[in-house]
Amino acid sequence: MQIIDKRCLVDVQQLGHVYGTAGGAERVVLDDVCMRLNEGEIVGLLGRSGSGKSTLLRSIAGLISPTTGAVEFPADAQGVSSSVRMVFQSFALFPWLTVLKNVEIGLEALNVAAPERRRRALAAIDMIGLDGFESAFPKELSGGMRQRVGLARALVVAPDIILMDEPFSALDVLTAETLRTDLLELWCEGRMPIKSMLMVTHNIEEAVLMCDRILIFSSNPGRVMKEIAVELNQPRHRSDPAFQALVEHIYVQMAGGAQEGAPRQGMFAGSGKGMVLPSISTNALAGLIEAVQDQPFAGQADLRELATALRFSASDLLPVAEVLQLMRLADMQDGHITLLPAGQRYAHSTVDERKQLFAQHLLRYVPLVSHVRKVLDDRPTRTAPARRFRDQLEDFMSEHDAANTLDCVIQWGRYAELFAYDEVADQFSLDNPS
């Protein structure tokens, strides 16, 4: 294994973060988060979208300043504090630079001399398996290769800590598995010049495969709900009964307890019109309802068994199930999903009947949808610019979340025929409502 010493590298103390505008609505993203990252370990941050995991990671990286609390980097015996570098899920490469120049960029910022920059960059490129591609540009590389460049760029400056924000989520399943395995081999063999890794993930199996500890986050606001030690030797295998049992345990923790027909506290970030919605298609919602209704589940399914049957990861399945629960079409408790009467009616309905039922539940349980429809009904022109609603949402959430939330509402509202949307004009209307 890697270094055994457990010296603390990062100490997060009562960290909180609030998004919002001065004098306007605020959304508490993180509240009273405490955690430590020790030398010689990989720690995973696991939770639903909107639980503040990426905000925590960016606070540790120094990319944002938390509203409350502190992030400290305890000094070692020589009085030196830990250094940090971050790997993003979107690769974040400079498209006009070659692989070599992209990897060198961090060293250049540190004023490392050109010959030494080249030597260290070539060594990092070789270590992560891209030897021979030094002169290639990002557009010539596959997604997995581009992420390897991002890793090399972070590793080349020899930081103490690597922060990774869903580093494999933008890759296809096979590419992600290969890169994950290669990274673990480098870590376990002690070939990476780092002391610890902290990673955000939505994938339960990924967390169990890679991490020594897993922090499960609740949402609204984001808090550390549970800490789980992964006491399995590397390399780990999905077929191992102990592995399977731990994955099952985490599924139950993440999908546990609510009153029937009511959404769990914190299932979605925010409340009312300021609720952050996930990008889930109506096809995915209908498909999950049908899968749960069909045999062998007959209306109730164990989430892990369902994920296996559908070849879904937790990051794929749980957000879809959560939307069904939000709309009172299904309920999740203790690692199971059960169709509620409305969900069962949906499964047996015609296309038009499904749309009508979906529209009724959208208007009743998704406040932003009813808000858009009311604005359109009240206006003589029966039109409204989408920018109006994005601006309103940005009082409650980030610009990125606001755009994604409104895109979700556009898709759901179109399917339910509650309103139309003109992409060119960026405008809602009642031109084609039912």
Side-chain angles (χ1 to χ4, degrees), residues 48-49 251 254-264 267-268 272-273 275-374 404-421 430 432-434:
R48 299 175 183 81
S49 296
Y251 261 99
M254 291 183 66
Q259 295 299 314
E260 183 173 306
R264 282 185 313 280
M267 185 173 65
F268 292 98
K273 295 193 293 288
M275 189 186 303
V276 179
L277 298 174
S279 298
I280 303 298
S281 72
T282 53
N283 285 336
L285 296 172
L288 187 56
I289 288 174
E290 292 169 358
V292 176
Q293 180 63 30
D294 289 346
Q295 296 298 329
F297 303 114
Q300 183 181 65
D302 176 271
L303 285 167
R304 278 215 64 214
E305 293 178 5
L306 183 61
T308 300
L310 298 176
R311 297 184 180 180
F312 273 18
S313 67
S315 59
D316 297 321
L317 180 62
L318 286 176
V320 186
E322 287 169 349
V323 172
L324 294 182
Q325 182 160 346
L326 170 71
M327 296 181 64
R328 314 304 200 272
L329 298 172
D331 177 50
M332 281 197 297
Q333 292 189 52
D334 301 326
H336 289 76
I337 181 170
T338 303
L339 291 184
L340 297 174
Q344 294 172 356
R345 287 199 305 273
Y346 185 97
H348 294 108
S349 295
T350 66
V351 171
D352 287 341
E353 290 169 342
R354 285 185 172 190
K355 288 192 172 191
Q356 291 172 14
L357 189 151
F358 195 79
Q360 292 167 4
H361 283 247
L362 272 181
L363 291 171
R364 187 175 302 168
Y365 301 118
V366 184
L368 182 57
V369 173
S370 58
H371 174 59
V372 172
R373 180 59 192 248
K374 185 177 186 304
N404 285 347
T405 293
L406 196 62
D407 286 346
C408 177
V409 164
I410 288 169
Q411 182 192 156
W412 293 353
R414 278 172 155 176
Y415 169 75
E417 298 183 7
L418 288 170
F419 42 72
Y421 170 73
L430 293 184
N432 303 305
S434 57

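Residues L285 and Y346 fail the side-chain proximity criterion, which asks for heavy atoms closer than 4.5 Å. Looking only at side-chain heavy atoms (C-beta outward), Q411 and Y421 stay at 4.5 Å or farther from each other. Side-chain contact between P341 and R345: present, with at least one pair of heavy atoms (C-beta onward) separated by less than 4.5 Å. The side-chain heavy atoms of L318 and L303, taken from C-beta on, include a pair separated by under 4.5 Å. I280 is not listed as a side-chain neighbour of E322, based on a closest heavy-atom distance of 4.5 Å or more. Between D407 and S279, every side-chain heavy-atom pair lies at or beyond the 4.5 Å cut-off.
In terms of modelled atom types and a separation under 3.5 Å, the side chain of R354 and the main chain of A347 share a donor-acceptor contact. Using a distance-only test at 3.5 Å, with no hydrogens or angles considered, no donor-acceptor pair links the side chain of R328 to the main chain of A342. No donor-acceptor pair closer than 3.5 Å links the side chain of T282 to the backbone N or O of W412.
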Carefully, step by step, assess L277 and L326 under the rule side-chain contact (heavy atoms from CB on, under 4.5 Å).
-> CA-CA 10 Å; L277 298 174; L326 170 71; 4.2 Å; yes
Carefully, step by step, assess L288 and L310 under the rule side-chain contact (heavy atoms from CB on, under 4.5 Å).
-> CA-CA 9 Å; L288 187 56; L310 298 176; 3.9 Å; yes
Can you list the steps and then say if R373 with L430 is a side-chain contact (heavy atoms from CB on, under 4.5 Å)?
-> CA-CA 9 Å; R373 180 59 192 248; L430 293 184; 3.7 Å; yes
Trace of the side-chain contact (heavy atoms from CB on, under 4.5 Å) decision for V369 with L363 = CA-CA 6 Å; V369 173; L363 291 171; 4.2 Å; yes
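When all heavy atoms of C408 and P278 are compared, the pair lying nearest together is SG-O, 3.2 Å. Across all their heavy atoms, A284 and V320 have their closest contact at O-CG1, 3.7 Å. What you find for I289 and L339 is that their closest heavy atoms are O-CD1, 3.7 Å. In terms of heavy-atom proximity, D331 sits nearest to Q325 at OD1-NE2, 3.7 Å.
Between L406 atom CG and L368 atom CG the span is 6.5 Å, to the nearest 0.5 Å.
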Only pairs under 3.5 Å count here: list side-chain donor-acceptor contacts from residues 293-301, not counting sequence neighbours, and write none if there are none.
| unit_1 | atom_1 | unit_2 | atom_2 | d |
| --- | --- | --- | --- | --- |
| Q300 | NE2 | T338 | OG1 | 3.0 |

